[in-house]
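All of these numbers come straight from a predicted model, not from anything done at the bench.
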Amino acid sequence: MMHSKQRALLVGAGLPGLRYLPAFQRLDGKWCELAGLVGSAAAAGFPNIPRFTQLDTALVALQPNVVIVTAPPPASLPLARQAARSGATVLVEPPVMISLAGWTPQSHDGRIFVALPSHFAPGLAGLIVEPPAIERAEVDLVCHQSATDFGPWQQFWNHSGGILHQHALAGIALAVRLLPRTAVLKCTGRRWHRRQHSPAEDAIDAEVLFTDGRRLAINARTDAPTDLHRRHELRLIRRTKVTKIAGRNLEAGLAERSTAPSETELRAQMLHAAANTTEGRAEHPSLLGLRDLPKTLEVITRVYSDCTVAR
């Protein structure tokens, strides 16, 4: 439990970093305050926040309890580990890596968590603590991408992966967490590349078969006419029973869409959970530990490697 106000440090640039600023405004310094910024993340609502150009300088000056790393992969992993070595709890968004190539666990990785705010949606904590019996899980993603979505950030950091890494990770990670931990037997499906303005694909339709016979279906598309039509949902199926986790990004959880918490509310909950970690263990079960990320990446990697490509 927290006994004093927590200090947070935000590291990163552009949209990922900006998503956290409303959460800090909502908290209004009550139990966690934004103490500093590293990089070019804009913070018009925090004009008096100290700015730093180097993470090591900020860590020494502020000694933060929580560090939010929003730099793109692969730059984010060394930054997250540097912050974890200082004793801080670290949230990373987007994920620190998109591949297991060269992955070697380190002693401080237990303090690093992949930020999946939608996993705080109503009812999901209970599912993670006591996963239901599942024979098949279905991840459904419809997002909106146009040529203007691929600006300098994505073009320069072209290691951010495809639509499964960038948009469908929350649903895939939740499905993997709820399914028994068995190895991938095979993956079948297709992925489509039609547009030239992005290295990412336009659509993926795949099915992953695990060694215990359970299946994970993934249907991800970028053809939503506008961002308002975005949908990211997960269905858990056992015989005729279907449990639906709904929302534009799972944020409705098991509740009605009209009652779904906002992204700001979800991130505030995530910051609260990060500030309540004890010796690398998060009180809230919905924080995805860095050590649990490889299992999700194994599934995504098999989808990209095994699916045939259509153009």
Inset, instruction - Flag the pair Glu233 and Arg257 as a salt bridge only when some basic side-chain nitrogen lies within less than 4.0 angstrom of an acidic carboxylate oxygen. - result: yes

Legend entry - Side chains of Leu127 and Leu254 in contact at under 4.5 Å (non-hydrogen atoms): yes

Legend entry - Qualifying residue, where the test is salt bridge (Lys or Arg N to Asp or Glu O under 4.0 Å) with Asp140 and the options are Arg230, Arg248, Arg231: Arg231

Inset, instruction - Compute the ring centroids of His165 and Tyr304, then answer whether they are less than 6.0 Å apart. - result: yes

Legend entry - Point-to-point distance, once rounded to the nearest 0.5 Å, from CG of Asp223 to CH2 of Trp192: 11.0 Å

Inset, instruction - Please determine if Glu298 and Arg302 form a salt bridge, counting it only when a charged side-chain N lies under 4.0 Å from a carboxylate O. - result: no

Could you go through residues 180-189 and list every donor-acceptor pair under 3.5 Å that involves a side-chain atom there, pairing it with any protein atom two or more places apart or in another chain?
| from | atom 1 | to | atom 2 | distance (Å) |
| --- | --- | --- | --- | --- |
| Arg181 | NH2 | Asp292 | OD1 | 3.4 |

Legend entry - Exam field: side chain Arg111 to backbone Ala84, donor-acceptor pair closer than 3.5 Å: yes

Inset, instruction - Flag the pair Thr222 / Ile163 as yes when at least one side-chain heavy-atom distance between them is below 4.5 Å, and no otherwise. - result: yes

Inset, instruction - Indicate yes or no for a side-chain donor-acceptor contact from Ser305 to the backbone of Thr301 under 3.5 Å, with no hydrogens or angles considered. - result: yes

Legend entry - Pro95 side chain near Leu293 side chain, heavy-atom distance below 4.5 Å: yes

Inset, instruction - Check for a donor-acceptor pair, side chain of Arg214 on one end and backbone N or O of Ile134 on the other, with a separation under 3.5 Å. - result: yes

Legend entry - Over 12 non-hydrogen atoms of neighbours within 6.0 angstrom of CD in Gln63: no

Inset, instruction - Return yes if some donor-acceptor pair links the side-chain N/O of Lys5 with the main-chain N/O of Gly29 below 3.5 Å, else return no. - result: yes

Legend entry - N-O pairing of Asp28 and Lys30 below 4.0 Å: no

Legend entry - Passing candidate, side chain to side chain contact (heavy atoms under 4.5 Å, CB included) with Ser76, options Val11, Thr70, Val96, Ile112: Val96

Legend entry - Side-chain donor/acceptor of Gln269 to backbone N/O of Leu266, under 3.5 Å: no

Inset, instruction - With the side chain counted from C-beta on, respond yes when Trp31 and His272 share a heavy-atom pair under 4.5 Å apart, and no when they do not. - result: yes

Legend entry - Gap between atom CG of Leu27 and atom SG of Cys32 - 0.5 Å precision: 6.5 Å

Legend entry - Sidechain N-carboxylate O distance under 4.0 Å for Glu207, Arg136: yes

Inset, instruction - Look at Asp202 together with Arg221 and state whether they make a salt bridge at an N to O cut-off of under 4.0 Å. - result: no

Inset, instruction - Considering only NZ, NE, NH1 and NH2 on the basic side and carboxylate oxygens on the acidic side, decide whether Glu138 and Arg215 come within less than 4.0 Å. - result: no

Inset, instruction - Would you confirm whether His119, through its side chain, and Leu124, through its main-chain N or O, come within 3.5 Å as a donor-acceptor pair? - result: no

Inset, instruction - Show your reasoning for whether side-chain contact (heavy atoms from CB on, under 4.5 Å) applies to Ile49 and Leu10. - result: CA-CA 11 Å; Ile49 297 298; Leu10 179 60; over 6 Å; no

Inset, instruction - Would you mind checking if Glu93 and Arg267 are paired as a salt bridge, meaning a charged N to carboxylate O distance below 4.0 Å? - result: yes

Inset, instruction - Without swapping roles, check the side chain of Ser118 against the backbone of Asn249 for a donor-acceptor pair under 3.5 Å. - result: yes

Inset, instruction - Please answer whether the main-chain N or O of Gln106 pairs with a side-chain N or O of Asp109 as donor and acceptor at a distance below 3.5 Å. - result: yes

Inset, instruction - Report yes if some heavy atom in the side chain of Val67 is under 4.5 Å from a heavy atom in the side chain of Leu59; otherwise report no. - result: yes

Inset, instruction - Give a yes or no answer on whether the side chain of His167 reaches the backbone of Cys143 with a donor-acceptor pair at less than 3.5 Å. - result: no

Legend entry - Close side-chain approach of Arg7 and Val66, heavy atoms under 4.5 Å: no

